[in-house]
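If you read the sequence from its start, that first residue is 1, and numbering goes on from there.
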Amino acid sequence: MSVGPGTAIADREAGPLYIAGSAVVLGTPQLGEGSLLAEGAVVRSGKAGVQVGTGSAVLENSVVIGTGGIATIIGRRSTFGHRCLVIGATVGDLCEIGNASILMPGARVGDRVFLGEGTLVPPETMLPSDVVAVGRPARVVRSASDDDIRRLTALREGDLSVPPPTAISIENRQEAIPMGQLYAYRDILPTIAASATLFPTAEITGNVVVGERTIIGAGVKIIGDSHGPVRIGADVQILENTVLHLLPDNDLIIHDGAIVGPGAMIHGCRIGAGSVIEPGAIVCDTSVVGAGCVVRAGAVVKQRAHFADGTEIDGFPAVDVGRIAEPPPMPGWALRPGDLPVPAAGGSVR
């Protein structure tokens with residue numbers, strides 16, 4: 001069975017399966033009965049696959065990706081807050097995942113786990129059941145208390161039972177949809193190379209130039225409404241629900257071959273050729289990230305920071321944590337040609 005965005009499927013016991021009209025589904029993930037994809041959520045199921053369990057909810061502007069041979073598996077009746085990033089991770093039943101949390105490939109979270117807002121669970125990290133974890137990186141601060149369980153019970157309408165697993169296949173719905181949205185600002189329209197790919201829910205405004213073969217992913221917002229330009233080179237990827245913006249009298253330049261992960265925020269900076277900005281990272285105004293760098297997930301590159309070519313960058317605020325001898329490889333969460341949408345026949349951006 002297949003459904004599309006804005007569709008609700010009634011089920012007598014589990015309730016509706018609901019996908020908001022602005023949610024995006026790529027590939028063929030499996031969603032359990034009674035599950036929810038809220039407004040602006042993106043689910044990208046590559047070859048590894050994505051499973052969202054019965055009764056679970058993925059809230060606004062969150063991104064869920066199966067990546068690099070690692071499936072994302074979400075248990076039953078778990079809830080992910082706004083702007084969460086779940087990439088190749090496994091999450092148990094009845095979990096409460098705080099807003100803007102980041103779960104990286106190979107992370108494993110047990111049942112009835114409470115993650116504080118903005119928590120980063122690094123690759124291959126394991127969190128046991130019935131704990132509270134916070135921080136970047138995540139650390140267990142205590143076992144779940146009776147008060148935590150009472151709160152969880154209230155959030156689950158007084159019932160912590162776990163229903164049987166169910167699965168409905170949700171098919172990619174990108175066919176027959178025009179590509180992207182382009183808007184003028186002060187009579188300046190974005191300039192998009194003919195070979196670039198804009199996902200249908202991407203929006204680009206004003207003084208923006210996008211180079212050849214560059215990919216602008218689902219839900220990306222690029223705003224060139226200040227005095228300085230936004231220049232994006234060739235073979236760049238700007239992935240799901242990332243925001244690019246800049247201040248007046250500034251510019252934002254992303255050089256060829258850079259990859260910016262889901263949920264990042266890039267503001268008035270320069271990013272060198274072939275660099276990788278991992279999911280949820282923030283790069284602030286007038287900072288410079290050299291060529292061949294990696295900015296780790298959730299890191300914050302503060303204003304006016306400068307990093308040389310080939311630097312591994314991590315922390316809050318971000319610092320130099322090591323050297324990268326070779327150009328970073330394409331991450332498992334990056335897009336491959338088979339992941340790209342098919343433009344509508346005769347469709348055009350506007």
Side-chain angles (χ1 to χ4, degrees), residues 1-5 17 19 23-32 35-38 40-59 61-76 78-80 83-93 95 97 101-110 115 120-127 165-174 197 199 201 215 217-220 237-242 259-264 276 278-280 297 329-341:
M1 181 177 189
S2 64
V3 298
L17 162 65
I19 302 174
V24 174
V25 174
L26 301 167
T28 311
Q30 294 188 328
L31 272 62
S35 60
L36 163 71
L37 298 184
V42 180
V43 174
R44 171 159 45 100
S45 175
K47 294 180 180 179
V50 169
Q51 299 174 32
V52 178
T54 304
S56 288
V58 178
L59 297 187
N61 282 9
S62 291
V63 179
V64 179
I65 297 174
T67 175
I70 305 175
T72 288
I73 301 174
I74 295 170
R76 294 159 289 180
S78 287
T79 296
F80 292 79
R83 291 186 62 86
C84 286
L85 305 174
V86 191
I87 300 171
T90 298
V91 178
D93 301 328
C95 290
I97 309 299
S101 292
I102 304 171
L103 286 71
M104 292 297 286
R108 301 182 67 86
V109 175
L115 292 189
L120 167 64
V121 185
E124 307 302 331
T125 299
M126 299 186 66
L127 298 177
T166 55
I168 299 170
S169 293
I170 311 298
E171 290 187 358
N172 184 343
R173 221 186 133 268
Q174 296 300 317
T197 298
F199 276 66
T201 53
I215 299 169
V220 169
Q237 294 193 26
I238 312 293
L239 296 181
E240 293 87 356
N241 286 350
T242 285
I259 299 175
V260 179
V276 174
E278 290 192 338
M330 179 177 285
W333 40 261
L335 284 163
R336 271 65 179 175
D339 299 325
L340 300 182

> Looking only at heavy atoms, what is the nearest atom pair of Cys95 and Val109, with distance?
Replying inline: SG-CG1, 4.2 Å
> How many angstroms lie between atom CG of Leu31 and atom OG of Ser169, to the nearest 0.5 angstrom?
Replying inline: 9.5 Å
>> Taking side-chain contact (heavy atoms from CB on, under 4.5 Å) as the definition, give me every residue that meets it alongside Leu59, ordered by chain and number, with sequence neighbours left out.
In response: Leu36, Ala38, Ala57, Thr79, His82
> Hey, are the side chains of Leu127 and Leu115 touching, using non-hydrogen atoms and a 4.5 Å cut-off?
Replying inline: yes
> Run the side chain to side chain contact (heavy atoms under 4.5 Å, CB included) check on Leu37 and Val25 step by step: do they pass?
Replying inline: CA-CA 9 Å; Leu37 298 184; Val25 174; 3.9 Å; yes
> How many angstroms lie between atom CZ of Phe199 and atom CG of Leu26, to the nearest 0.5 angstrom?
Replying inline: 5.5 Å
> By side-chain contact (heavy atoms from CB on, under 4.5 Å), which residues pair with Ala89, not counting sequence neighbours?
Replying inline: Val86, Leu103, Ala107
> When you check the side-chain N and O atoms of Thr166 and Thr54, is any donor under 3.5 Å from an acceptor?
Replying inline: yes
> Can you check whether Val64 reaches Phe80 side chain to side chain, under 4.5 Å on heavy atoms?
Replying inline: no
>> Which heavy atom of Val50 sits nearest to which heavy atom of Gly66, and what is that distance?
In response: CG2-N, 3.3 Å
> Are any of the side-chain heavy atoms of Pro262 and Thr242 separated by less than 4.5 Å?
Replying inline: no
> Going from OG on Ser78 to CD1 on Ile97, what distance comes out if it is rounded to the nearest 0.5 angstrom?
Replying inline: 6.5 Å
>> Using the side-chain contact (heavy atoms from CB on, under 4.5 Å) criterion, which residues pair with Met126? Sequence neighbours excluded.
In response: Arg108
> To the nearest 0.5 Å, what is the distance between CD (Glu124) and CE (Met104)?
Replying inline: 10.5 Å
> Between OG1 of Thr72 and CZ of Arg44, what distance do you get to the nearest 0.5 Å?
Replying inline: 10.0 Å
>> Please find the pair of heavy atoms, one from Thr201 and one from Gly219, that lie closest to each other, and give the distance.
In response: OG1-N, 2.9 Å
> Considering residues at least two apart in sequence or located in another chain, which fulfil the side-chain hydrogen bond (donor to acceptor under 3.5 Å, both in side chains) criterion with Glu278?
Replying inline: Arg296
> Taking side chain as C-beta onward, heavy atoms only, is Ile170 less than 4.5 Å from Leu17?
Replying inline: yes
> Got a sec, which residues hit side-chain contact (heavy atoms from CB on, under 4.5 Å) with Thr67, two or more places apart in sequence or on another chain?
Replying inline: Ile65, Ile87, Pro105, Trp333
> Quick one: salt bridge (Lys or Arg N to Asp or Glu O under 4.0 Å) pairs with a partner in residues 63-76, sequence neighbours left out?
Replying inline: Arg76-Asp93
> Any idea which heavy atoms bring Asn241 and Gly40 closest together, and the distance?
Replying inline: ND2-O, 3.0 Å
> Which value, rounded to the nearest 0.5 Å, describes the distance between Ile215 atom CD1 and Leu239 atom CG?
Replying inline: 7.5 Å
> Which pair of non-hydrogen atoms, one from Ala334 and one from Met330, has the smallest distance, and what is that distance?
Replying inline: CB-CG, 3.5 Å
